[in-house]
Amino acid sequence: MSTAPTEPQTPPPPRHKAKDKQQDLSPQELAAKRAKAEKIGRTAAVFVMPLMIVGMMIWGYLGAMHHQEAKNMPVAIYASSASAATDFVEDLDTTNGEAVDPEIVDSSLEARNLVYDREVTAAVVLDANSATLYTASSAGVSSSGAISAILTPALAEAGFTIDAQDIAPLPENDPMGMGAMLLATAMVTAGYMPWSLAFSNSPELLKRRRALPLLAGWSILLAGLGVLIGGPILGVIPASSIIPVIGTLALGVFAVGSSQVLLTRIFGPLAAIPGMLLFMVLGQPASNMGMSVYALPKIYPFLHQFLPLPALGEAMRSVLYFNGDGAAKHILILIGGAVAALLLTTLIDRIRTKKGKSPTPTQINIASLHGGPRPQRKAWRYITLGAVPFTMIAIMLTAMLGAMQTPTPRHMPVAIVGSTTEQADQMAQSLEESMSGLFDFTTLQDADEAKQLVESQELTGAFALPSATQTEATIYTAQASGNAASQVVKQVFTQIAQSQDMAVEYQELAALPDNDNMGTASMYVGIGWVMAGFMVIMVGSTAAPHLRPLKSLLPLLAVYSAFMSAVIYMIAGPLTHAVDGHFWELFGVGMLAIFAVSMLTTVFNRLIGMLCLLPTMLLVMFLGVPASNGALSIYMEPRMFTILHDILPMPAAVESVRSVLYFGSAGLGTHLITLSIWALVCLALTMVIDQLKPVMIESHPISAEELAALQGRALEAKANEAALGANQIDAEAQDLIDADTPQSSDEKQSITN
């Protein structure tokens, strides 16, 4: 141990030293310090807000939907012999124990009614050697398809002759049930979006006496918009259902809107985040609309019971497809949610009023939505505020419902392979006559060439006819290039082979991995990149306008693109396990995609401010998602989306992910060129716009009178103004008296004394 003397330690500085030092600063130095801190905080918000919103959405969707597997699907079983029912249930428990939850019922009628009432996903009625399988596609195509895929093999293996009956088929003009799903999703968006905008732009509208009548009128207006687009324009809503549909949609908008008003009272300017979490991130998977809740993690069947999107979606399903049967309980959930939200809002307002606080926001964060000075007339401000969500919902319904309403093959490229060219041509000509416009046939003689074309994604599949060396017909597909198209090719050409007494063999050339068994990972990673690029400009233009000049914006976007690309990979990879490996490839493509969409948004933001939401969302989401070949094959949508697939940034992003993950980056260069063109062209346009129009680096000012009125100080402000005016008049009068009355210096001194 050392015995060297130690140096005396310097006593620690007193805790109040920093405070005393700050008090020694001049007012100008304090103001500069506060401005610097605010600038740093606003710059940080440009990263934090998109991180929270995009991260929440992608984590929620990928975590729920990247791996779908049937779990505890309720099934009703009836048999004329009690032992036969028990034996079949035991067989199901042995072979599919975790997938199904069978229940023996007392009659075939009860079993059938349980399916119609959506209490079970299917019913099986056994009678000797025959079995009737009841499903209801109107209760969910995904659900009925999944349970049929489980029960049909089980019944066949048990030796039953199967009679499959769909007791509630979907209408021909809505064969996938997209009408109920997209109408419900649009109305939920219409419910929460306007109040988040109003909080930052016109917070006086959140006062309870104004919010309630506005919300009621808005609900009816948006319900009418939904019926107009879904009815006369797209034909999804039959004339006989118009009145109940309007009522149901209006109730949904009102319930979600009242809940969002409550969230603004609790979370203030951050209310949009919990709103998106409850209404969309959790609500969409739990809705049981796009996919069965029984194929998702266990929390979603629980959330399905009370969240507003599932309630509205199921109510719409009841009205559109089941003549209103079963809608009552879902409508009661919406009514109960609206009443609870209004009561809690009233309670919070009264508590704050008793404490002397304003129950509504007293600050304005977004002076104007159009990018210019704040409109002096409230009418123009309110019209703009309402027009943004109204137009967005109209575009969303028209584009997405119009694209995915009737997903049927349209010029889907498929190869016919024959032992001779003549044989292939003859089969193709025969199929073309019976399925005109559904498929575009390529005739080949070499099966290996057909396989290469399928693997390179030039074809969606190939059908090889039997030959002297191959007694079975073979269907080649590449599931990873598009799950929906792969299923269509299998289903259609299996039926063709069976109609001609051909045995069928299947060869999957690019199977999806177990961690992405529905092929959704590429779509949601692409959506994450696009949303990240869009959000940074939307947030930055209002929270940090000092970053808007290109000399500040470009370095920011470089850092931000790398940051968000890494975050999205972390969510898709280590956190949800939807993606395995390929970090550097996806990281680089993600940076380019985020930057390209950021520059696209910048162009519109320079021209029309926050209204850039509309054209940007139209291009990158409402047209981009249907054209992406992710959610649905572009060969099952109107021809326009096949053209947009080669142009828009969203398809380029989605196809880039697919190429990297499943095709060894084959074809990646084409998509990178598309993204690079968008980035460079939009950068050039931004530079031109900046030469013609000065870039605003500060928020537009708000008048003191408006802020005073918002903060409840209007009378105080008028009184102060009147007092100042009176003092000024007195001073001017005294000056006139002094000017008209000559006085000696002694007199003036005595008066002063």
Side-chain angles (χ1 to χ4, degrees), residues 407-512 519 522 627-630 632-639 641-643 645-646 651 654-655 658-659 661-668 670-671:
T408 55
R410 294 177 171 90
H411 300 282
M412 187 175 284
V414 174
I416 303 296
V417 182
S419 54
T420 64
T421 305
E422 291 76 11
Q423 182 191 23
D425 289 340
Q426 185 179 1
M427 174 60 77
Q429 184 177 357
S430 175
L431 294 177
E432 181 64 33
E433 291 176 357
S434 60
M435 298 186 296
S436 178
L438 300 182
F439 296 93
D440 284 347
F441 294 110
T442 299
T443 56
L444 300 171
Q445 189 176 350
D446 185 358
D448 290 335
E449 182 181 358
K451 290 165 63 175
Q452 291 176 1
L453 291 173
V454 173
E455 289 176 330
S456 65
Q457 304 180 70
E458 295 181 47
L459 298 175
T460 58
F463 180 54
L465 299 170
S467 64
T469 58
Q470 180 71 36
T471 59
E472 299 174 332
T474 305
I475 299 175
Y476 299 99
T477 55
Q479 191 183 32
S481 67
N483 193 36
S486 175
Q487 291 178 354
V488 167
V489 170
K490 285 182 179 179
Q491 180 181 359
V492 171
F493 288 92
T494 298
Q495 294 174 354
I496 292 171
Q498 291 174 347
S499 68
Q500 300 188 22
D501 297 325
M502 299 178 187
V504 182
E505 179 185 345
Y506 303 99
Q507 286 196 24
E508 182 56 59
L509 304 178
L512 287 166
S522 56
S628 69
N629 201 36
L632 192 64
S633 171
I634 54 172
Y635 299 112
M636 299 173 70
E637 300 171 350
R639 185 69 174 173
F641 293 96
T642 307
I643 299 171
H645 176 265
D646 298 327
V654 172
E655 293 290 9
R658 178 177 284 148
S659 173
L661 292 180
Y662 307 127
F663 294 95
S665 297
L668 178 61
T670 301
H671 308 304

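Numbering of residues begins at 1 and proceeds along the displayed sequence.
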Can you tell me how far [atom2] of [Y] sits from [atom1] of [X], rounded to the nearest 0.5 angstrom?
X      : Y      : atom1 : atom2 : answer
Leu438 : His411 : CG    : NE2   : 8.5 Å
Gln429 : Phe441 : CD    : CZ    : 11.5 Å
Lys490 : Ile475 : NZ    : CD1   : 8.5 Å
Tyr635 : Leu459 : OH    : CG    : 8.5 Å
Leu668 : Glu655 : CG    : CD    : 11.0 Å
Gln457 : Leu509 : CD    : CG    : 11.5 Å

Indicate the atoms forming the closest heavy-atom contact of [X] with [Y], along with that distance.
X      : Y      : answer
Val489 : Thr477 : CG1-CG2, 3.9 Å
Thr443 : Ala428 : CG2-CB, 3.7 Å
Pro651 : His645 : CB-O, 3.3 Å
Ala510 : Phe663 : CB-CE2, 3.9 Å
Val488 : Pro409 : CG1-CG, 3.6 Å
Ser659 : Ala666 : OG-O, 2.7 Å

Checklist entry - Crowded around Glu432 CD? As in, over 12 foreign heavy atoms under 6.0 Å? => result yes

Item to check | Crowding at CD, Glu508 (>12 non-hydrogen neighbours, <6.0 Å) | outcome: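 Yes, CD of Glu508 has more than 12 neighbouring heavy atoms, counting only those of other groups under 6.0 Å.
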
Closer than 3.5 angstrom, by distance alone: can the side chain of [X] be matched with the main-chain N or O of [Y] as a donor-acceptor pair?
X      : Y      : result
Thr494 : Gln491 : no
Arg410 : Met636 : yes
Thr460 : Val414 : no
Gln445 : Ser419 : yes

Item to check | Residues forming a ring-ring contact (aromatic ring centres under 6.0 Å, His included) with Phe493, sequence neighbours excluded | outcome: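 Once residues adjacent in sequence are excluded, the partners of Phe493 under the ring-ring contact (aromatic ring centres under 6.0 Å, His included) criterion are Phe439, Phe463.
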
Are [X] and [Y] packed together at the side-chain level, in the sense that at least one heavy-atom pair is separated by less than 4.5 angstrom?
X      : Y      : value
Tyr662 : Leu512 : yes
Pro466 : Thr471 : no
Leu444 : Leu453 : yes
Leu465 : Met502 : yes
Asn629 : Val654 : no

Checklist entry - Which is it for Glu458 and Thr442 under the side chain to side chain contact (heavy atoms under 4.5 Å, CB included) test, yes or no, and what are the steps along the way? => result CA-CA 11 Å; Glu458 295 181 47; Thr442 299; over 6 Å; no

